[in-house]
Amino acid sequence: MITKALPAVLTIASLAVLQVQAAKEVFAHLIVGNVNKFTLSDWEDDMRLAREANIDGFALNIAAQDESNEASLELAFGAAGKLGGDFSLFFSFDYLAQGPWPADRVEALVKKYAADPAYFKPDGRRPLVSTFEGPDNAGDWPGIKAATDAFFVPDWSSLPPTEAAVREGGVADGLLSFDAWPVGATNITTKGDEAFQAALGTGENKKVYMMSVAPWFFTNLPKFGELGGEDGQNGGKNWLWRGDGLWDLRWKQVAEVVRPDYVEILTWNDFGESHYIGPVRDKELGLFASGGAPVNYAQGMSHDGWRRFLPFYVDVYKTGKVPEEVGEEGVMAYYRTAPALACPSGGTVGNSKARGQSEMKPEELVEDSVFYAALLNSDDGVTVEVSIGGKKLTGGFDSVPTAGAGTPGVYTGSVPFGDKTGEVVVAVLRDGKTIATAEGGRKISSQCENNVQNWNAVAM
Ligand SMILES: *[C@@H]1O[C@H](CO)[C@@H](O)[C@H](O)[C@H]1NC(C)=O
């Protein structure tokens with residue numbers, strides 16, 4: 001933290017370090033419009049669950065015309081206060097959902113909440129303010145910054161990072177990338193992140209990089225697509241990106257390759273795009289009706305399993321090293337709940353045409369497999385058993401920790417479920433004895449609700 005009177009012994013170099021944020025931090029993107037029925041205790045529950053997962057705070061996504069914002073923000077800061085200063089919040093002004101934010105309203109909100117102890121201030125002084133898009137309103141920000149002293153880290157991913165970094169004389173103090181999914185049937189790489197880091201400079205003028213991590217992506221909200229904009233394709237907002245193998249690979253990239261200043265998890269509760277890692281509460285699912293979804297594809301589709309190894313991943317990211325002991329060994333698993341060709345696709349395509357990507361058939365993009373990840377001290381003597389409707393399959397690991405097999409870390413693999421249906425149980429055994437199981441997710445079935453494919457996954 002910056003104190004007003006700096007000790008005289010500080011060198012220029014250590015001063016520069018002090019002015020940049022202190023520690024690496026991990027946030028989760030929370031759609032405030034989805035929680036307009038939340039009580040104070042719902043907010044507290046979600047914050048506690050996030051804290052348990054080693055998440056430092058929420059990026060509060062707020063849409064410009066949403067009348068529920070005011071009450072929700074009061075509750076959010078109230079709940080964070082009750083957590084005793086252990087959980088941070090900052091604003092992510094959404095310039096797409098309901099159009100651009102007027103500058104005076106941005107200013108007023110930042111001024112109102114920046115002084116709250118829960119508002120995230122990287123150097124203890126300047127409130128971090130982010131956006132979802134809005135590069136056309138970059139011209140508002142020199143004024144907003146002058147009025148609020150905001151530390152400005154927008155997501156302007158629709159621009160190349162070299163342009164975003166210099167927009168309006170370089171008004172951004174850092175950039176958030178929303179590029180958290182691979183194109184087509186590939187594994188995500190860190191090329192995009194490296195382009196951001198290069199554009200953000202080095203040395204004393206380095207701007208901060210906030211990297212994004214997501215577990216999945218599927219959306220089928222025809223009415224939202226009709227509004228046009230970037231999401232209007234195929235007569236609606238209706239596409240899929242590949243989540244197979246994504247979460248664990250991406251966290252390895254965060255912790256061991258990119259090592260960004262900050263991480264933003266996409267998301268805590270965006271049920272409409274199936275990349276939530278928070279709990280699914282019925283009171284948050286109104287968007288499936290308003291968006292004209294053919295089926296409520298989040299209801300009963302828990303993603304809790306994607307939080308299980310976050311304490312480990314975040315520790316490795318923050319400390320820069322893998323511990324000699326991982327703590328409690330465990331397993332998590334995720335899968336779609338019907339074979340890709342079991343039911344009509346619902347018009348969903350692979351890739352986003354609106355982003356210049358070529359369309360694929362969704363079944364070419366995802367595998368009918370049960371994916372699993374095991375956090376182990378070592379895989380010596382370890383086997384994996386995947387049971388589907390009582391039929392047992394033997395699994396292996398196709399990715400091991402960077403230091404190699406036999407070392408502590410996360411091991412991942414998958415087995416095709418083919419035409420097997422029923423309850424899924426994934427067990428990890430060492431020397432024939434079960435050490436961890438993942439179970440309790442929705443059953444795999446050859447039938448689909450409303451006879452339309454649900455391209456979301458369960459994670460248990
Ligand atoms: C993605 O990575 C996993 C783990 O290393 C590997 O098994 C799989 O074949 C890769 N998939 C593609 C499409 O490259």
Side-chain angles (χ1 to χ4, degrees), residues 179-194 211-218 239-259 266 274-275 305-306 308-310 312-313 316-317 322 326 329-336 339-341 348-352 355 357-376 378-380 382-386 388 393-418 424 426 428 436 438 455-457 459:
D179 195 2
W181 296 273
V183 181
T186 64
N187 283 329
I188 196 165
T189 71
T190 56
K191 280 211 180 80
D193 306 292
E194 283 151 23
M211 176 173 171
S212 55
V213 183
W216 200 261
F217 190 105
F218 159 55
W239 82 95
L240 171 74
W241 276 319
R242 181 171 183 267
D244 294 357
L246 178 60
W247 183 247
D248 300 287
L249 172 61
R250 191 69 176 150
W251 273 106
K252 231 182 226 181
Q253 294 174 349
V254 165
E256 298 175 26
V257 184
V258 181
R259 305 207 26 81
L266 308 180
S274 309
H275 40 64
W306 273 314
R308 186 145 325 131
F309 301 150
L310 276 180
F312 173 81
Y313 281 131
V316 177
Y317 159 59
V322 179
V326 299
E329 295 184 306
V331 63
M332 65 80 59
Y334 56 98
Y335 52 91
R336 286 179 299 101
L341 298 176
T348 303
V349 298
N351 289 340
S352 166
R355 286 168 188 73
Q357 303 167 355
S358 51
E359 261 179 39
M360 288 174 71
K361 290 184 179 152
E363 67 268 23
E364 293 171 350
L365 204 126
V366 289
E367 288 169 34
D368 290 343
S369 293
V370 174
F371 293 83
Y372 46 82
L375 178 63
L376 301 170
S378 161
D379 66 336
D380 285 347
V382 169
T383 52
V384 180
E385 201 176 81
V386 179
I388 303 167
L393 304 164
T394 302
F397 294 123
D398 45 39
S399 113
V400 302
T402 308
T407 69
V410 176
Y411 293 74
T412 65
S414 65
V415 291
F417 56 74
V424 179
V426 178
V428 172
W455 298 102
N456 189 5

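Along the sequence shown, residues are numbered consecutively beginning with 1. We use all heavy atoms of the structure for the numbers below, so side chains are in, but hydrogens, waters and symmetry mates are not. We count ligands from 1, going down the list as the structure has it; atoms in each ligand are counted the same way.
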Looking at atom 11 (N) of ligand 1, would you say a protein heavy atom lies below 4.0 Å from it? yes
Under the criterion side-chain contact (heavy atoms from CB on, under 4.5 Å), which of L365, L246, L249, N187 is the partner of P182? L246
Atom 5 (O) of ligand 1: the protein heavy-atom neighbour that sits closest, reported with distance to 0.1 Å: D398 O, 3.7 Å
Closer than 4.0 Å to some heavy atom of N187 - which atoms of ligand 1 meet that? 1 (C), 2 (O), 3 (C), 8 (C), 10 (C), 11 (N), 12 (C), 14 (O)
Mark up the atoms of ligand 1 that fall under 4.0 Å of a heavy atom belonging to A185, in ascending order. 13 (C)
Would you find a donor on one side and an acceptor on the other, under 3.5 Å apart, between the side chain of W181 and the backbone of R242? no
Kindly say whether P362 contributes a backbone atom to a donor-acceptor pair with the side chain of W455 at under 3.5 angstrom? no
Heavy-atom check, side chain of V254 versus side chain of W251, under 4.5 Å: yes
